[in-house]
**Student:** 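There's a structure below that I have some questions on.
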Amino acid sequence: MSAVPYDEITVKQILLESKLAKKTFYRNFESKEDVLLSLVRTNLRDYFHVVDAGSGDVLATIFTFAVQNKDLLILL
């Protein structure tokens with residue numbers, strides 16, 4: 001998404017970039033939106049894992065996560 005706007009990305013481009021077979025892609029995802037949703041869910045799960053294991057300093061936890069995931073957050 002840093003090189004091509006999300007609206008212009010196609011499943012075909014994802015297949016070419018990831019070198020996945022079409023069958024493999026559709027076994028795991030229904031659409032490009034499903035790929036993005038999966039990525040966001042994974043990152044949110046990681047975030048909540050960090051929060052749950054955190055020191056109680058919520059702001060420090062939020063900013064640490066934001067720094068670690070800066071590129072994705074900017075793209076979103």
Side-chain angles (χ1 to χ4, degrees):
M1 289 188 316
S2 61
V4 179
Y6 177 77
D7 291 342
E8 296 177 19
I9 296 173
T10 64
V11 170
K12 184 176 180 178
Q13 287 175 305
I14 294 170
L15 295 174
L16 290 172
E17 291 287 326
S18 65
K19 297 183 172 122
L20 283 175
K22 190 175 186 178
K23 185 176 182 177
T24 302
F25 177 88
Y26 283 108
R27 186 181 312 131
N28 293 286
F29 305 103
E30 294 182 15
S31 64
K32 73 176 189 178
E33 290 81 9
D34 201 25
V35 174
L36 183 59
L37 183 59
S38 178
L39 179 63
V40 170
R41 282 183 178 151
T42 298
N43 277 273
L44 284 173
R45 187 176 5 193
D46 292 346
Y47 171 74
F48 287 116
H49 178 73
V50 169
V51 168
D52 289 343
S55 63
D57 187 348
V58 176
L59 284 179
T61 301
I62 291 170
F63 285 112
T64 298
F65 180 83
V67 168
Q68 292 171 345
N69 295 279
K70 176 184 172 185
D71 293 337
L72 175 64
L73 294 171
I74 289 171
L75 289 174
L76 293 174

**Student:** So, Lys32 side chain and Ile14 main chain: donor-acceptor pair closer than 3.5 Å or not?
**Tutor:** no
**Student:** Quick check: do Val35 and Phe25 have side-chain heavy atoms less than 4.5 Å from each other?
**Tutor:** yes
**Student:** Inspect the surroundings of CZ in Phe63 and state if more than 12 heavy atoms from other residues, nucleotides or ligands are less than 6.0 Å away.
**Tutor:** no
**Student:** Do Tyr47 and Gln68 make a side-chain contact, defined as non-hydrogen atoms from C-beta onward lying under 4.5 Å apart?
**Tutor:** no
**Student:** Assigning hydrophobic clusters by single linkage (Ile, Leu, Val, Met, Phe, Trp, Tyr; side-chain heavy-atom cutoff under 4.5 Å), is Leu75 placed with Leu73?
**Tutor:** no
**Student:** Once you round to the nearest 0.5 Å, how far does CD1 of Ile74 lie from CG of Asn69?
**Tutor:** 11.0 Å
**Student:** Take a 6.0 Å sphere around CD of Gln13 and say whether it holds more than 12 heavy atoms from other residues, nucleotides or ligands.
**Tutor:** yes
**Student:** Show the numbers, then the answer: is there a side-chain contact (heavy atoms from CB on, under 4.5 Å) between Leu36 and Leu76?
**Tutor:** CA-CA 10 Å; Leu36 183 59; Leu76 293 174; 3.7 Å; yes
**Student:** Of the non-hydrogen atoms in Phe65 and Asn43, which two are nearest, and what is the gap between them?
**Tutor:** CZ-O, 3.3 Å
**Student:** Under 4.5 Å between side-chain heavy atoms, counting indirect links through other Ile/Leu/Val/Met/Phe/Trp/Tyr residues: same cluster for Leu37 and Leu39 or not?
**Tutor:** no
**Student:** Show the numbers, then the answer: is there a side-chain contact (heavy atoms from CB on, under 4.5 Å) between Val11 and Phe29?
**Tutor:** CA-CA 10 Å; Val11 170; Phe29 305 103; over 6 Å; no
**Student:** Enter the distance from His49:NE2 to Arg45:CZ here, rounded to the nearest 0.5 Å.
**Tutor:** 11.5 Å
**Student:** In the single-linkage hydrophobic clustering (I, L, V, M, F, W, Y; side-chain heavy atoms under 4.5 Å), do Tyr26 and Leu20 co-cluster?
**Tutor:** yes
**Student:** Main chain of Ser38, side chain of Thr42: is a donor-acceptor contact present, judged purely on distance under 3.5 Å?
**Tutor:** yes
